[in-house]
Amino acid sequence: MTDATTTTPYGAQTETDRESTDEPFEGVYPAMTTPFTDDDEVDHAQLADNARSLERAGVDGVVPVGSTGESATMTHDEHVDVIETVRDALDDIPVIAGTGSNNTAEALSLSRRAADAGADGLLLISPYYNKPEPAGFLEHYRTIADAVDLPQIVYNVPSRTGQSIPVDVTVELAEHPNIRGYKAASGDLNLISEVIERTRDEAFSVLSGDDGLTLPVLSIGGTGTISVVANVEPERSCAMVGAALSGDYDRARALHHELSPLVRELFAETNPIPVKEAMHIRGRGGPHVRSPLSRLSAERREALRELLAEYDENAPGTVDPETVDPRTVEPAAGDAE
């Protein structure tokens, strides 16, 4: 694993300390994978161990049963069981549970069950397939926010849902006292910038949902990230975000470039296929993903193993990106976290 001196999000900084703020969500929130056994069952012992490992690494919270957690292939009972396992495994950091659906009644039911299971907040993907009009978006999110008294994050990921949430809708939703954040996974910095600009007067956080864009999003006023790469390199991810939030952009840029080869490799095939393989290499559960996903291709596995070995041998801030990039890869079409 990475250098033990970086065991808190900002422990690797030398001269700047992160200043506390009143932002509802700030810092690094790994979008947790869900480990499965070879029999396709949730591996709760490994899940709990992974959660504890992330907490020890210094992340600010965790996000189970989202897209990276393969929520689309899990039953509602499995969702709730995963939330309970993660909540029970942790001491202090919040659990933000993925509870979205294209069916408002279903999302509401799952959100209520997540709250009963101990979730500290909710991540709600926008309704997919249905393609609602602005009024439909507003009604969907307000219905859940009115009924469940937990801080909630609106999740905009048009590559998976087929439609981007209009900025006007997001700005209106930010006025609701329970809608406290926005996961930005559109890849459109102009749109993200407008959301940040127009919600500055609200208690509302904008979190990057694309690992490759986390630093740019932070530079325009974002407050953190819901991250895939943080499952594999939590110390480096926390150090990068902490440096940016403290205004140390020289260090943040260096860590961004250090992480970039791994980010590219983790999105070379559909998420969460590569990150499950990376977790397997790191001893954090098997590589099994549920159908219709399939295991990482054999030629990618060796490249990923070699890449992770370079990170294992070097402390955060000391890796030359050119030495750890085994190939130039393109993200899988339409992929997101």
Taking atom types as modelled, is there a side-chain donor on [X] or [Y] under 3.5 Å from an acceptor on the other?
X    : Y    : answer
E106 : S101 : yes
N271 : S67  : no
S205 : R180 : no
N190 : E194 : no
S227 : D211 : yes
D40  : H288 : yes

query: Within a radius of less than 6.0 Å around CZ of R290, do more than 12 heavy atoms belonging to other residues, nucleotides or ligands occur?
result: yes
E197 atom CD, neighbour heavy-atom count above 12 within 6.0 Å: yes
query: Do the ring planes of F204 and Y182 sit parallel (below 30°), tilted (30 to 60°) or perpendicular (above 60°)?
result: tilted
Y29 to D60 - nearest heavy-atom pair and separation: CE2-O, 3.8 Å
- request: Determine, stepwise, if the pair S164 / N156 fulfils side-chain hydrogen bond (donor to acceptor under 3.5 Å, both in side chains).
  value: CA-CA 6 Å; S164 184; N156 188 35; 3.1 Å; yes
query: Among P158, P132, S126, which one satisfies side-chain contact (heavy atoms from CB on, under 4.5 Å) with Q163?
result: P132
Taking a hydrophobic cluster as the set of Ile, Leu, Val, Met, Phe, Trp and Tyr residues connected by side-chain heavy atoms closer than 4.5 Å, whether directly or through intermediates, do [X] and [Y] fall within one such cluster?
X    : Y    : value
L150 : I226 : no
V154 : L110 : no
V42  : V95  : yes

field: Contacts of D88 that satisfy side-chain hydrogen bond (donor to acceptor under 3.5 Å, both in side chains) - sequence neighbours left out
entry: none
Euclidean distance, T99 OG1 relative to Y155 OH, rounded to 0.5 Å: 13.0 Å
